[in-house]
Amino acid sequence: QVQLVESGGGLVQPGGSLRLSCTASGSIFNIAVMGWYRQAPGKQRELVATGGRFTISRDNAKNTVDLQMNSLKPDDTAVYYCYCNAALRIGGPLYAYWGQGTQVTVSS
């Protein structure tokens, strides 16, 4: 199994920045994809768009992925989820795994 643990969420004022981090652990052979989704109240979960205000950085050696969020807006308020597609053995299938989510609230 694979466990994803997120950190770095919290309350920030509009225009502020936050950095979310996620670490994958467990019986991992290879992580093919690793990134972030978010789900705002009353909305569907969506892939976090990068470029511009948001930047994703991944460290394959450490099985980590970070999300740097700048110039945050109230509309960015959501629960942010780390996800990955990982194989547990050589030639094995990819499975999807999710973190527990971390709350980001942008408010003055």
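Computed from heavy atoms alone, side chains included, the values below leave out hydrogens, waters and symmetry copies.
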How many angstroms lie between [atom1] in [X] and [atom2] in [Y], if you round to the nearest 0.5 Å?
| X | Y | atom1 | atom2 | value |
| --- | --- | --- | --- | --- |
| Leu20 | Met69 | CG | CE | 4.0 Å |
| Asp59 | Thr64 | CG | OG1 | 4.5 Å |
| Ser25 | Lys62 | OG | NZ | 15.0 Å |

Atom of [X], atom of [Y] and distance for their closest heavy-atom approach:
| X | Y | result |
| --- | --- | --- |
| Arg58 | Ala32 | NH1-O, 3.5 Å |
| Cys84 | Met34 | CB-CG, 4.0 Å |
| Gly92 | Ala87 | O-CB, 4.0 Å |
| Val79 | Gln103 | CG2-OE1, 3.3 Å |

Is there a side chain to side chain contact (heavy atoms under 4.5 Å, CB included) between Val104 and Tyr80? Walk through the geometry before answering. CA-CA 7 Å; Val104 171; Tyr80 284 71; 3.6 Å; yes
task: Look at atom CD1 of Ile90 and say whether more than 12 heavy atoms of other residues, nucleotides or ligands are closer to it than 6.0 Å.
output: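 Counting neighbours around CD1 of Ile90, 12 or fewer heavy atoms of other residues, nucleotides or ligands fall under 6.0 Å, so no.
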* Under the 3.5 angstrom rule, does the side chain of Thr77 hit a backbone N or O of Val106 as a donor-acceptor pair? ->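 Flag set: sc Thr77 to bb Val106 pair under 3.5 Å.
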Do [X] and [Y] make a side-chain contact, defined as non-hydrogen atoms from C-beta onward lying under 4.5 Å apart?
| X | Y | value |
| --- | --- | --- |
| Trp36 | Leu67 | yes |
| Thr23 | Asn63 | no |
| Tyr95 | Val2 | no |
| Tyr97 | Gln1 | yes |
| Cys22 | Tyr81 | no |

Is Ile56 reachable from Tyr37 through a run of hydrophobic residues whose side-chain heavy atoms are each under 4.5 Å from the next?
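The answer is no; the residues belong to distinct hydrophobic clusters.
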| said: Between Tyr83 and Trp98, is the ring centroid distance below 6.0 Å? | reply: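 Under 6.0 Å, so yes.
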- With sequence neighbours left out, write down each residue that passes salt bridge (Lys or Arg N to Asp or Glu O under 4.0 Å) with Asp76, or none if nothing qualifies.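 With sequence neighbours excluded, Asp76 shows a salt bridge (Lys or Arg N to Asp or Glu O under 4.0 Å) to Arg38, Arg53, given in chain and number order.
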What donor-acceptor contacts under 3.5 angstrom involve side-chain atoms of residues 4-19, with partners at least two apart or in another chain?
{"residue": "Glu6", "atom": "OE1", "partner": "Gln100", "partner atom": "N", "Å": "3.1"}
{"residue": "Glu6", "atom": "OE1", "partner": "Gln100", "partner atom": "NE2", "Å": "3.2"}
{"residue": "Glu6", "atom": "OE1", "partner": "Gly101", "partner atom": "N", "Å": "2.8"}
{"residue": "Glu6", "atom": "OE2", "partner": "Cys82", "partner atom": "N", "Å": "2.7"}
{"residue": "Glu6", "atom": "OE2", "partner": "Gly101", "partner atom": "N", "Å": "3.3"}
{"residue": "Ser17", "atom": "OG", "partner": "Asn70", "partner atom": "OD1", "Å": "3.0"}
{"residue": "Arg19", "atom": "NE", "partner": "Asp66", "partner atom": "OD2", "Å": "3.4"}
{"residue": "Arg19", "atom": "NH1", "partner": "Gln68", "partner atom": "OE1", "Å": "3.0"}
{"residue": "Arg19", "atom": "NH2", "partner": "Ser57", "partner atom": "OG", "Å": "3.3"}
{"residue": "Arg19", "atom": "NH2", "partner": "Asp66", "partner atom": "OD2", "Å": "3.2"}

